[in-house]
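What follows is a structure written as structure tokens; I'll ask about it next.
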Amino acid sequence: MKQIKWKRLMLMLLAFVLSTGTIACSNTQSEKPAAAKPTSGNSGTASQTAAADLKIDKNNKSPMTVTLAGGSVGGFWSGLGQVISKSFATSYPGSAATYEPGSGAGNIKLIDDAQVELGIIQEIEVIAARNGMAPFNKKFENLMALATLYDNAVLHVTVRKDFADKYGLKSLADIASKKAPARIGINQKGNLNSLGSNALLEANGITETTLKEWGGSLTWAGSQQRYEAVQNKRMDIIMDFVFAPDAGLEETAVNTNLVMWSLDQKSLDALNKAWGLKEINVPKNTYKWQKEDVKTVSLSAIILVSKKASEQDQYKMAKALVDNLEIIRASHPSMKEISAQKLANTGSVPLAPGAKALYEEVGAIKK
């Protein structure tokens with residue numbers, strides 16, 4: 001009897017082992033490994049992501065849908081937005097790029113919130129954003145770039161010649177040393193490039209308070225207001241970052257004798273330290289009334305890219321810009337020097353991984 005029970009127990013145990021083995025084999029054959037999840041596009045910083053590790057299909061020709069935040073309607077950035085859109089559609093037929101009016105500071109917030117794929121900003125705004133300076137209420141430390149659009153917006157210090165001659169002035173430092181009653185105009189406060197102009201004044205001991213003490217004034221206003229004020233002799237000096245030659249200044253010079261001042265080394269060093277602005281030379285005769293070379297600084301404009309854009313699209317957008325350089329060059333005289341190398345040189349703002357991969361591929365930057 002015990003033997004019968006023992007045999008039944010052994011048979012039951014054997015059946016159990018066989019059945020569990022069959023189940024295990026069945027599960028092994030029917031279950032497939034989980035598919036790898038696609039990358040989100042911007043996990044980690046651009047500098048941490050090696051181009052070789054990206055999942056980019058270089059033969060991908062599918063159209064893109066992109067929103068680009070720029071500047072005011074009808075302004076220079078608006079024109080650049082149209083050129084960028086044309087580049088995307090030329091390289092990737094069917095692509096739709098929508099231009100959204102904005103501002104450099106506002107565009108940074110849109111990019112950080114992933115509300116748009118692209119935004120045009122000035123490098124001076126990046127520094128303000130990183131430091132949490134007004135109008136930013138926090139620090140923006142993870143910004144990524146698609147490309148540099150231009151690096152030659154030049155700080156002009158333009159002076160009515162009769163005012164300079166009257167007080168024997170040849171530089172901003174002379175205004176402070178002679179306490180000349182200069183009426184100075186710089187860009188409006190909403191435009192952050194006015195911070196560069198104001199920093200230049202402060203580097204030379206000139207503030208709104210000191211100007212008032214000397215009988216002068218500091219006005220923050222748009223370019224057209226300043227040009228008109230100089231023509232009407234209500235303003236003596238205007239300062240702004242514009243391309244050289246600037247049409248507004250040329251028009252102003254028709255009825256007003258002007259001179260343009262160079263920056264001394266102290267001023268150049270101060271602007272480089274505070275805002276990363278690089279020295280540039282404006283050759284004499286750039287304007288008919290400009291008799292000497294002018295040493296000053298330049299400002300760049302950068303296209304930021306948000307985490308909303310995949311690495312694949314970052315690559316494609318950068319490729320479209322490189323492939324259509326002639327379209328970009330033809331858009332404005334100031335863009336004639338643009339190249340793949342200049343697009344890729346985004347200064348302190350790291351390139352987005354997909355864009356970096358493209359620029360490495362075409363030899364614009366080293367791997």
Side-chain angles (χ1 to χ4, degrees), residues 36-46 49 51 53-71 73 77-102 104 106-121 142-150 301-331 335 338-340 342-344 346 349-362 364-365:
K37 293 181 180 180
T39 58
S40 61
N42 292 322
S43 56
T45 63
T49 307
D53 296 334
L54 304 183
K55 304 299 182 183
I56 293 176
D57 177 6
K58 297 179 182 180
N59 297 315
N60 185 313
K61 295 294 182 183
S62 61
M64 298 177 290
T65 300
V66 179
T67 299
L68 169 65
V73 175
W77 282 5
S78 178
L80 284 178
Q82 295 177 24
V83 173
I84 293 168
S85 298
K86 185 176 181 181
S87 298
F88 292 167
T90 299
S91 291
Y92 301 95
S95 292
T98 302
Y99 181 81
E100 179 178 308
N107 295 346
I108 289 176
K109 294 177 182 178
L110 291 174
I111 288 290
D112 188 65
D113 292 338
Q115 294 185 43
V116 298
E117 286 81 9
L118 301 177
I120 305 176
I121 55 94
N142 297 310
L143 301 174
M144 301 185 302
L146 178 72
T148 287
L149 273 177
Y150 57 80
I302 298 169
I303 305 176
L304 292 182
V305 60
S306 80
K307 57 188 176 185
K308 188 176 183 180
S310 67
E311 290 162 353
Q312 178 72 63
D313 279 354
Q314 294 166 13
Y315 175 91
K316 289 165 65 177
M317 289 187 287
K319 188 176 191 316
L321 295 177
V322 171
D323 288 348
N324 293 282
L325 283 171
E326 288 306 317
I327 295 176
I328 301 173
R329 291 184 186 122
S331 66
M335 305 297 289
I338 197 69
S339 63
K342 287 199 171 189
L343 289 173
T346 54
V349 186
L351 283 165
K356 183 172 183 284
L358 182 280
Y359 294 129
E360 289 178 345
E361 181 181 313
V362 299
I365 56 175

Side-chain touch Asp313/Ser310, heavy atoms, less than 4.5 angstrom
yes
With sequence neighbours excluded, residues passing side-chain hydrogen bond (donor to acceptor under 3.5 Å, both in side chains) with Tyr359:
none
Can you find a pair of side-chain heavy atoms, one from Val83 and one from Ile327, that are under 4.5 Å apart?
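In contact.
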Under 3.5 Å, is there a donor-acceptor pair linking the side chains of Asn324 and Ser91?
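The criterion, which ignores hydrogens and geometry beyond distance, is satisfied for Ser91 and Asn324.
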Quick one, Phe88 with Met317, criterion side-chain contact (heavy atoms from CB on, under 4.5 Å). Give me CA distance, side-chain angles, the key distance, then yes/no.
CA-CA 7 Å; Phe88 292 167; Met317 289 187 287; 3.7 Å; yes
CA sep, side-chain torsions, deciding dist, call: Val349, Met144, side-chain contact (heavy atoms from CB on, under 4.5 Å)
CA-CA 6 Å; Val349 186; Met144 301 185 302; 5.7 Å; no
Tell me every residue that passes side-chain hydrogen bond (donor to acceptor under 3.5 Å, both in side chains) with Ser331, counting only those two or more places apart in sequence or in another chain.
none
Ignoring hydrogens, what is the shortest heavy-atom contact between Thr148 and Thr346? Give both atom names and the distance.
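That closest heavy-atom pairing would be OG1-CA, 3.4 Å.
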Run the side-chain hydrogen bond (donor to acceptor under 3.5 Å, both in side chains) test against Gln312 and tell me which residues pass, sequence neighbours left out.
none
Mark yes or no for whether Gln314, through its side chain, and Ala309, through its backbone, hold a donor-acceptor pair below 3.5 Å.
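Yes: the side chain of Gln314 pairs with the backbone of Ala309.
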Under the salt bridge (charged side-chain N to carboxylate O under 4.0 Å, His left out) test, residues paired with Asp113 that sit two or more places apart
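Here no residue qualifies.
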Please find the pair of heavy atoms, one from Ala344 and one from Ile365, that lie closest to each other, and give the distance.
CB-CG2, 3.7 Å
List the residues meeting salt bridge (charged side-chain N to carboxylate O under 4.0 Å, His left out) with Lys86, not counting sequence neighbours, and say none if there are none.
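By the salt bridge (charged side-chain N to carboxylate O under 4.0 Å, His left out) rule, Lys86 matches no residue at all.
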Can you find a pair of side-chain heavy atoms, one from Leu304 and one from Leu118, that are under 4.5 Å apart?
no
Provide the closest heavy-atom pair for Tyr92 versus Ala320 in the form atom of the first, atom of the second, distance.
CE1-CB, 4.3 Å
Does Glu361 form a salt bridge (Lys or Arg N to Asp or Glu O under 4.0 Å) with Lys58? I'd like the steps, not just the answer.
CA-CA 10 Å; Glu361 181 181 313; Lys58 297 179 182 180; 3.4 Å; yes
Please round to the nearest 0.5 Å and tell me the distance separating atom CD of Gln115 and atom CG of Asn107.
11.0 Å
Leu325/Leu343 under side-chain contact (heavy atoms from CB on, under 4.5 Å): CA gap, chis, key distance, verdict
CA-CA 10 Å; Leu325 283 171; Leu343 289 173; 3.7 Å; yes
Does Ser306 reach the main-chain N or O of Lys308 with its side chain, forming a donor-acceptor pair under 3.5 Å?
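Yes, Ser306 side chain to Lys308 backbone: donor-acceptor pair under 3.5 Å.
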I need the minimum non-hydrogen distance between Leu149 and Met335, along with the two atoms involved.
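For Leu149 and Met335, the tightest heavy-atom pair comes out as O-CE, 3.1 Å.
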Testing the basics here: between Arg329 and Ser339, what is the closest heavy-atom pair and its distance to 0.1 Å?
NH2-CA, 4.2 Å
Over all atoms of both residues, closest heavy-atom pair of Ala318 and Leu146:
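In terms of heavy atoms, the two residues are closest at N-CD1, 3.8 Å.
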Candidate pair Leu321 and Ile328, rule side-chain contact (heavy atoms from CB on, under 4.5 Å), full reasoning:
CA-CA 8 Å; Leu321 295 177; Ile328 301 173; 4.0 Å; yes
Could you grab the distance from atom CD1 of Ile108 to atom CD1 of Ile302, nearest 0.5 Å is fine?
9.5 Å
Can you tell me how far apart CD1 (Ile303) and CD1 (Ile84) are? Round to the nearest 0.5 Å.
3.5 Å
Atom pairs and distances, donor-acceptor, side-chain atoms in residues 62-69, under 3.5 Å, two or more places apart:
{"unit_1": "Ser62", "atom_1": "OG", "unit_2": "Asn60", "atom_2": "OD1", "d": "2.7"}
{"unit_1": "Ser62", "atom_1": "OG", "unit_2": "Lys316", "atom_2": "NZ", "d": "3.1"}

